[in-house]
J.: 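Below you will find the structure I want to go over with you.
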Amino acid sequence: MTGGAPGTRVLSLDSLVRFQRERHAPDARAPRRLPVPDGMTAPMGCDAVAVPAGFGPLVMPRLPRVGCVYADDAHWWWLVPSDSDYAMEWPAPAHYATGAVLPGPSDAPGAPDLPGLIHRPDGTLPYTPPIPLYLALCRLTGTPPSWSRPVTA
C-alpha cells in the first residue's frame with residue numbers, strides 16, 4: 001500500500017498488528033502448534049482458544065457448530081480463524097493462542113505431547129465460530145461480553 005509522499009510506504013492496521021504479534025511471538029526454536037488435520041484447510045489461518053479441561057464438556061453443547069477440538073488432562077483447545085481476538089477480550093480463564101501455538105517450546109525438557117484431537121467436524125474447515133465460543137465462555141464465567149460493558153471516559 002502506498003500513499004503520502006512519493007516513495008513512502010503506508011502500513012495498514014492489519015500489517016501493524018501482524019508485526020506486533022511476530023515481535024512478541026513465543027520462542028521460535030520449536031513451537032508446539034496444534035495441527036490442522038489431514039484433508040482440512042485453514043484459508044483464514046488458525047489460532048486457538050484454550051479453557052481448563054473442566055469447562056470443555058460445558059462449552060460443547062452451547063455451540064451451534066464445533067470445529068476441531070483438542071484436549072489433554074489440563075485443557076481443551078478450539079481452533080478458530082486467525083485474529084479472532086481482534087477487539088475481544090477473551091474471559092479468564094480462557095487462553096488465546098495466536099497461530100495455535102501452545103505455551104512452551106517442544107524441545108524443552110519434559111515438554112508434553114500435543115493434545116489429542118477429540119472432535120473433528122464434517123467438511124474441510126477446522127474452525128469453531130469464534131463469536132458463539134466467546135459468548136459461551138462469557139456465560140460460563142459470568143463475564144459480560146466486552147461490547148456490552150459500560151464505556152468510561
Side-chain angles (χ1 to χ4, degrees), residues 1 10-106 111-152:
M1 176 184 244
V10 177
L11 297 175
S12 70
L13 181 58
D14 291 338
S15 296
L16 294 173
V17 168
R18 186 175 64 254
F19 291 147
Q20 178 72 8
R21 286 186 171 167
E22 289 171 0
R23 193 170 67 88
H24 293 292
D27 187 342
R29 288 180 298 167
R32 295 183 323 129
R33 185 180 312 271
L34 293 172
V36 174
D38 289 340
M40 298 191 101
T41 61
M44 296 183 281
C46 257
D47 290 346
V49 176
V51 298
F55 278 75
L58 302 173
V59 172
M60 290 286 273
R62 296 173 183 255
L63 299 173
R65 180 186 187 281
V66 179
C68 290
V69 181
Y70 295 82
D72 57 24
D73 291 338
H75 296 95
W76 283 33
W77 300 83
W78 279 263
L79 291 184
V80 294
S82 290
D83 300 325
S84 292
D85 62 334
Y86 180 75
M88 286 197 304
E89 296 173 34
W90 288 82
H95 169 76
Y96 191 87
T98 302
V101 174
L102 304 179
S106 63
D113 293 330
L114 287 174
L117 180 66
I118 62 167
H119 184 269
R120 178 187 172 133
D122 294 333
T124 60
L125 295 176
Y127 306 122
T128 294
I131 299 296
L133 178 59
Y134 174 80
L135 291 172
L137 290 172
C138 284
R139 180 121 191 179
L140 285 172
T141 61
T143 305
S146 57
W147 56 77
S148 68
R149 296 180 198 148
V151 176
T152 58

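Nothing fancy with the numbering, it's 1 onward along the sequence. Predicted model, so just to flag it, every value in this text is computed and none were measured.
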J.: Which atoms form the tightest heavy-atom contact between P132 and P64, and what is the distance?
T.: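 That would be CB-CD, 3.6 Å.
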
J.: Is the shortest heavy-atom distance from the side chain of L34 to the side chain of C68 under 4.5 Å?
T.: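 No, every pair of side-chain atoms sits at 4.5 Å or beyond.
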
J.: Sequence neighbours excluded and cut-off under 3.5 Å, please list the side-chain donor-acceptor pairs for residues 36-44, or say none.
T.:
none

J.: Looking only at heavy atoms, what is the nearest atom pair of G56 and V51, with distance?
T.: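 Here G56 and V51 meet closest at N-CG2, 4.1 Å.
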
J.: For C46 versus S82, what's the shortest heavy-atom pair and its separation?
T.: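 Scanning both residues completely, I find the closest heavy atoms to be N-OG, 3.0 Å.
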
J.: Provide the closest heavy-atom pair for T141 versus L137 in the form atom of the first, atom of the second, distance.
T.: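 Closest approach of T141 to L137: OG1-O, 2.8 Å.
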
J.: Search all heavy atoms of L114 against all heavy atoms of P35 and return the closest pair with its distance.
T.: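 Answer, listing the atom of L114 first, then P35: CD1-CD, 4.1 Å.
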
J.: Taking the side chain from R65 and the backbone from P129, do they hold a donor-acceptor pair closer than 3.5 Å?
T.: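 No: the side chain of R65 does not pair with the backbone of P129.
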
J.: Looking at residues at least two apart in the chain, or sitting in another chain, which of them share a side-chain contact (heavy atoms from CB on, under 4.5 Å) with L140?
T.: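 side-chain contact (heavy atoms from CB on, under 4.5 Å) list for L140, sorted by chain: F55, L58, V59, R62.
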
J.: Can you list the residues that meet the side-chain contact (heavy atoms from CB on, under 4.5 Å) rule with A97, with sequence neighbours excluded?
T.: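 For A97, the residues satisfying side-chain contact (heavy atoms from CB on, under 4.5 Å) (neighbours in sequence not counted) are A48, W77, H95.
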
J.: CG of L102 to CG of D113: how many Å apart, nearest 0.5 Å?
T.: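 Atom-to-atom, L102:CG and D113:CG are 11.5 Å apart.
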
J.: If you measure from OG1 on T98 to CG on D85, what distance do you get to the nearest 0.5 Å?
T.: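 One finds 5.5 Å between OG1 of T98 and CG of D85.
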
J.: What's the shortest heavy-atom distance between A53 and D73, and which atoms?
T.: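 Heavy atoms only, the tightest pair is CB-O, 3.5 Å.
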
J.: Could you check if a side-chain atom of W76 sits within less than 4.5 angstrom of a side-chain atom of M60, using non-hydrogen atoms only?
T.: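 Side chain of W76 against side chain of M60, heavy atoms only: contact under 4.5 Å found.
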
J.: Could you list all the side chain to side chain donor-acceptor pair (under 3.5 Å) pairs where at least one residue sits in residues 119-140, not counting sequence neighbours?
T.: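 Matches after skipping sequence neighbours: Y134-S146.
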
J.: Holding to ring-ring contact (aromatic ring centres under 6.0 Å, His included), I want the full list of residues that pass it with Y70, two or more places apart in sequence or in another chain.
T.: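 By the ring-ring contact (aromatic ring centres under 6.0 Å, His included) rule, Y70 matches no residue at all.
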
